[in-house]
Amino acid sequence: MQHKDFIEIHDYSATEVMQLFELAKDMKASPQKYREALKGQTLAMIFEKSSTRTRVSFEVGMYQLGGHALFLSARDIQLGRGEPIVDTARVLSRYVDGIMARTFAHKTVTDLADFATVPVINGLTDLSHPCQAMTDYFTAWEKFGSLKGRRIAYIGDGNNMAHSLMFGASKVGMTIAVATPGAYAPEPTVVGEAQADADAAGTKVIVTRSIDEAVKDADIVETDVWASMGQEGEADKRRRDFSGWIVDKRVMSLASREAIFMHCLPAHRGEEVASEVIDSEQSVIFDEAENRLHIQKAIMYTLMKDRKR
Ligand code: CP
Ligand code: NVA
């Protein structure tokens with residue numbers, strides 16, 4: 001697999017996505033085999049936004065691979081005081097073997113990737129959250145076996161999660177239906193690219209304003225918060241605009257009988273999802289959270305294993 005970075009699932013082929021799934025599966029089953037896989041290597045983790053799962057799973061993942069992770073809050077490093085991203089990328093490349101970054105602007109991560117000589121991994125931007133979408137499809141693959149011909153319904157805000165799930169669906173052979181209120185549709189450029197990938201793969205991307213249309217016969221029902229990080233000031237307006245957009249038992253009853261419920265977390269029970277769904281047997285939220293670790297170990301190992309220390 002010839003990639004320097006992991007920025008979007010879109011950049012990876014269906015075969016490469018499946019190779020990462022197989023590797024993550026092996027790492028999950030036999031973690032001891034990989035105990036020294038990245039021995040002596042260091043991952044820098046830049047965070048402009050809060051995190052529980054991403055921070056902990058990357059740090060623990062590096063430790064389990066025999067390496068080390070550095071937590072760098074953007075507030076504390078010179079980046080937060082205006083040091084150019086180009087210089088930050090070049091300086092960090094002299095010290096560390098990989099960089100994971102969670103940023104507001106997507107361009108910050110692509111600039112890091114352009115100027116760093118070491119691998120850069122997208123740990124969430126305003127545009128996308130590929131590590132989470134990879135994890136979600138991996139989790140579904142564990143539950144269902146082959147995902148080909150299955151359907152995922154994403155209900156809610158057309159945000160970073162919606163975008164990455166759209167990019168990922170065609171790679172695993174799934175149709176994706178995204179239902180949002182009119183003003184919260186996913187980015188047209190992302191829809192266009194995902195549509196082109198789907199056409200090539202023989203899958204479908206459906207964008208609708210109807211929850212019922214999206215969720216009909218879905219094998220996965222997924223949602224996410226109405227106000228993402230950085231949108232806290234719009235939270236009240238969004239609560240009003242998204243009124244009625246809750247994934248509850250009625251919504252789940254329209255999906256396939258064996259459907260699973262997913263949410264990247266953190267969740268707001270009673271807003272985007274009802275407790276009766278997120279805390280039900282159909283919910284796989286904690287498997288998703290755990291699988292962040294395994295998928296990210298597979299990504300880090302793939303990108304960093306050939307680096308010479
Ligand atoms: N799902 C996810 O990325 O969680 P964190 O914001 O806690 O990292
Ligand atoms: N859409 C959410 C995902 C959090 C993991 C956000 O960006 O805040």
Side-chain angles (χ1 to χ4, degrees), residues 6-9 24 43-62 69 71-75 99-109 121-140 152 154-168 178-181 183-187 190 220 222-235 237-239 241-242 245 247 261-269 271-273 278 283-297 299-300:
F6 183 77
I7 307 295
E8 296 281 11
I9 303 179
L43 178 78
M45 309 189 299
I46 300 174
F47 282 95
E48 290 182 353
K49 298 173 173 175
S50 305
S51 171
T52 298
R53 281 144 288 268
T54 305
R55 177 177 175 180
V56 176
S57 55
F58 269 103
E59 185 160 343
V60 170
M62 269 310 276
F71 172 71
L72 304 173
S73 160
R75 274 190 301 277
I99 301 170
M100 187 280 294
R102 165 168 287 194
T103 64
F104 289 96
H106 187 71
K107 190 172 183 306
T108 306
V109 166
I121 299 172
N122 177 356
L124 179 148
T125 68
D126 287 349
L127 188 74
S128 58
H129 196 3
C131 290
Q132 184 72 51
M134 280 289 284
T135 300
D136 294 354
Y137 288 119
F138 173 74
T139 306
I152 175 170
Y154 173 90
I155 312 295
D157 187 21
N159 63 11
N160 43 13
M161 273 314 304
H163 294 155
S164 288
L165 289 170
M166 290 172 88
F167 279 139
V178 175
T180 71
Y184 295 96
E187 287 286 331
V190 173
I220 305 172
E222 177 147 358
T223 187
D224 189 16
V225 292
W226 293 336
S228 284
M229 291 181 277
Q231 297 171 333
E232 289 78 5
E234 298 172 27
K237 177 177 173 2
R238 283 171 171 264
R239 232 172 257 127
D241 292 350
F242 280 92
W245 282 77
V247 175
F261 171 79
M262 290 194 171
H263 193 307
C264 64
L265 304 180
H268 295 97
R269 288 167 174 77
E271 291 193 6
E272 74 274 8
V273 59
I278 196 168
S283 174
V284 297
I285 53 172
F286 299 116
D287 294 327
E288 286 175 83
E290 179 191 332
N291 283 336
R292 288 289 302 275
L293 174 70
H294 308 299
I295 278 287
Q296 290 161 191
K297 281 170 73 177
I299 293 170
M300 290 191 288

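Every number for a ligand or one of its atoms is a count from 1 in the order of the listing.
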Original post:
Taking Thr125 for the side chain and Leu127 for the main chain, is one N or O donor matched with an acceptor at less than 3.5 Å?
Top reply: yes

Which protein N or O atoms sit under 3.5 Å from any N or O of ligand 2? Give atom names and distances.
from     : atom 1 : to     : atom 2 : distance (Å)
ligand 2 : 1 (N)  : Asn159 : ND2    : 3.4
ligand 2 : 1 (N)  : Asn160 : OD1    : 2.8
ligand 2 : 1 (N)  : Asp224 : OD2    : 2.6
ligand 2 : 1 (N)  : Ser228 : OG     : 2.7
ligand 2 : 7 (O)  : Asn160 : ND2    : 2.9
ligand 2 : 7 (O)  : Ser228 : OG     : 3.4
ligand 2 : 8 (O)  : Met229 : N      : 2.8

Subject >> Rounded distance [0.5 Å steps], CE in Met45 versus OG in Ser51 >> reply: 8.0 Å

**OP:** Could you verify whether a donor N or O on one side chain and an acceptor N or O on the other, from Tyr154 and Asn159, lie under 3.5 Å apart?
**Re:** yes

**OP:** State which residues pass side-chain hydrogen bond (donor to acceptor under 3.5 Å, both in side chains) with Gln296; sequence neighbours excluded, sorted by chain then number.
**Re:** Ser57, Arg292

Subject >> Close side-chain approach of Asp126 to Ser228, heavy-atom, < 4.5 Å >> reply: no

Considering only distance and modelled atom types, tabulate donor-acceptor pairs under 3.5 Å from the side chains of residues 261-268, sequence neighbours left out.
from   : atom 1 : to     : atom 2 : distance (Å)
His263 : ND1    : Leu265 : N      : 2.9
His263 : NE2    : Glu272 : OE2    : 2.8

**OP:** Please work out which of the three classes, parallel, tilted or perpendicular, describes the rings of Phe71 and Phe47, given edges at 30° and 60°.
**Re:** tilted

**OP:** Write down, by chain and number, every protein residue that brings a non-hydrogen atom to less than 4.0 Å from an atom of ligand 1.
**Re:** Ser51, Thr52, Arg53, Thr54, Arg102, His129, Gln132, Cys264, Leu265, Arg292

Subject >> Heavy-atom check, side chain of Ile220 versus side chain of Val284, under 4.5 Å >> reply: no

**OP:** Would you check if Leu165 and Ile152 make a side-chain contact, meaning some heavy-atom pair closer than 4.5 Å?
**Re:** yes

